[in-house]
Every structure is written in structure tokens, then in C-alpha cells.
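FYI, the numbering just counts along the sequence from 1.
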Amino acid sequence: FLTARQRFRKGVFISREDIASDPKKLKAGQGIDEDVERVRRAHQNDIENIFPFLTLGFLYLFTNPTVDTARLCFRIFSGARLFHSLVYLFEIPQPSRALAFFVGMGVNLFMGYKVISGFMGGM
């Protein structure tokens with residue numbers, strides 16, 4: 001939603017057919033407007049990080065974790081990703097975005113370790 005909003009606000013679209021109504025006023029292509037690209041990169045980054053988390057989280061549930069530990073992992077990751085996206089969109093200087101990324105990555109590493117050790121222990 002945010003990418004589409006920025007594209008319409010800035011008049012920058014991804015394909016030539018999207019600007020057929022007014023090709024002189026509108027622009028097509030990637031890398032044309034930094035605001036549109038920033039939102040697009042934030043969205044892409046979320047996609048690249050959330051799907052591995054969902055997979056690991058699903059597998060983690062099969063290790064029979066305590067409800068409190070699982071809930072804490074899910075909340076920490078969700079908070080870190082939300083913070084990461086906001087930091088990305090509002091251009092807050094580093095290391096804030098890196099810290100948010102590493103918090104989320106830490107949760108994934110923890111769950112990955114628990115999944116591997118849990119499944120290896122059952123063999």
C-alpha cells in the first residue's frame with residue numbers, strides 16, 4: 001500500500017503501460033524517485049525477512065516450546081520488524097536499522113537452533 005501511494009503521489013510507475021494516460025507528466029522505471037525506491041526497498045526487505053521467520057516459527061512450534069518463550073520470540077521479532085520498517089521509512093540514521101535487523105536475526109537464529117537441536121535429538 002505504501003509503495004502504491006508513493007508512486008501515485010510522485011507520478012512514478014514501474015511500467016510504461018501504467019503511464020499511457022499521460023506519458024508527458026508521469027514517469028516509468030525503477031530508480032527514478034528516491035522516496036518511491038525507499039518504500040519499495042523497505043517492503044522488499046520485509047518480504048525477505050518475514051517469510052524465513054514464518055517458516056522457522058512454524059517449525060519451532062513442533063519443538064514444544066513453552067508458550068511464554070514462543071510468545072516472547074514472536075513479539076520480539078514482530079516489534080523488531082515494525083521498528084526496522086519505521087526506521088527505514090523515516091530515514092533514521094544508522095545504527096538503528098542495523099540493530100533492529102540483528103534483533104530479528106537473533107530471534108531467527110535462536111528458533112533455528114532450537115528446531116535443529118529438537119529434531120536432531122529426536123533421531
Tell me every residue that passes ring-ring contact (aromatic ring centres under 6.0 Å, His included) with Tyr60, counting only those two or more places apart in sequence or in another chain. none
Please list, chain by chain and in numerical order, all residues satisfying side-chain contact (heavy atoms from CB on, under 4.5 Å) with Ile92, sequence neighbours excluded. Val87, Phe90, Ser96
Does Arg81 have any salt bridge (charged side-chain N to carboxylate O under 4.0 Å, His left out) partners at least two apart in sequence or in another chain, and if so, which? Asp46
Sorted by chain and number, sequence neighbours left out, ring-ring contact (aromatic ring centres under 6.0 Å, His included) with Phe102 holds for none
Do Phe83 and Leu99 come close enough that some side-chain heavy atom pair is under 4.5 Å? no
Are Met111 and Leu61 grouped together when hydrophobic residues (ILVMFWY) are joined by side-chain heavy atoms under 4.5 angstrom apart? yes
Taking all non-hydrogen atoms of both residues, which atom of Leu59 and which atom of Phe119 are closest, and how far apart? O-CZ, 4.1 Å
Closest approach of Phe77 and Val107, non-hydrogen atoms and distance? CB-CG1, 4.0 Å
State which residues pass salt bridge (charged side-chain N to carboxylate O under 4.0 Å, His left out) with Arg41; sequence neighbours excluded, sorted by chain then number. Glu34
Quick one: NZ on Lys114 to OG1 on Thr69, what's the gap to the nearest 0.5 Å? 8.0 Å
Asn108: what forms a side-chain hydrogen bond (donor to acceptor under 3.5 Å, both in side chains) with it, not counting sequence neighbours? none
Leu72 side chain near Asp68 side chain, heavy-atom distance below 4.5 Å: no
Hydrophobic cluster membership, with links at side-chain heavy-atom distances under 4.5 Å among I/L/V/M/F/W/Y: are Phe110 and Ile76 in one? yes
Name all residues meeting the side-chain hydrogen bond (donor to acceptor under 3.5 Å, both in side chains) criterion together with Thr55; count only those two or more places apart in sequence or in a different chain, and write none if there are none. none
What residues form a side-chain contact (heavy atoms from CB on, under 4.5 Å) with Ala42, not counting sequence neighbours? Tyr88, Leu89
Residues passing the ring-ring contact (aromatic ring centres under 6.0 Å, His included) test with Phe74, sequence neighbours excluded, are Phe53
Those residues that, when tested against Phe58, pass ring-ring contact (aromatic ring centres under 6.0 Å, His included) (two or more places apart): Phe62
With sequence neighbours left out, write down each residue that passes side-chain hydrogen bond (donor to acceptor under 3.5 Å, both in side chains) with Glu48, or none if nothing qualifies. Gln44
Any side chain to side chain donor-acceptor pair (under 3.5 Å) pairs touching residues 70-79, not counting sequence neighbours? none
Just wondering, do Phe51 and Ile47 contact through their side chains at under 4.5 Å, heavy atoms? yes
Of all the heavy-atom pairs spanning Thr63 and Val115, show the shortest one and how long it is. CG2-CA, 3.8 Å
What heavy-atom pair brings Ala80 and Gly104 nearest, and what distance separates the two atoms? CB-N, 3.9 Å
Drop me the distance from Ile50's CD1 to Asn45's CG, to the nearest 0.5 angstrom. 9.0 Å
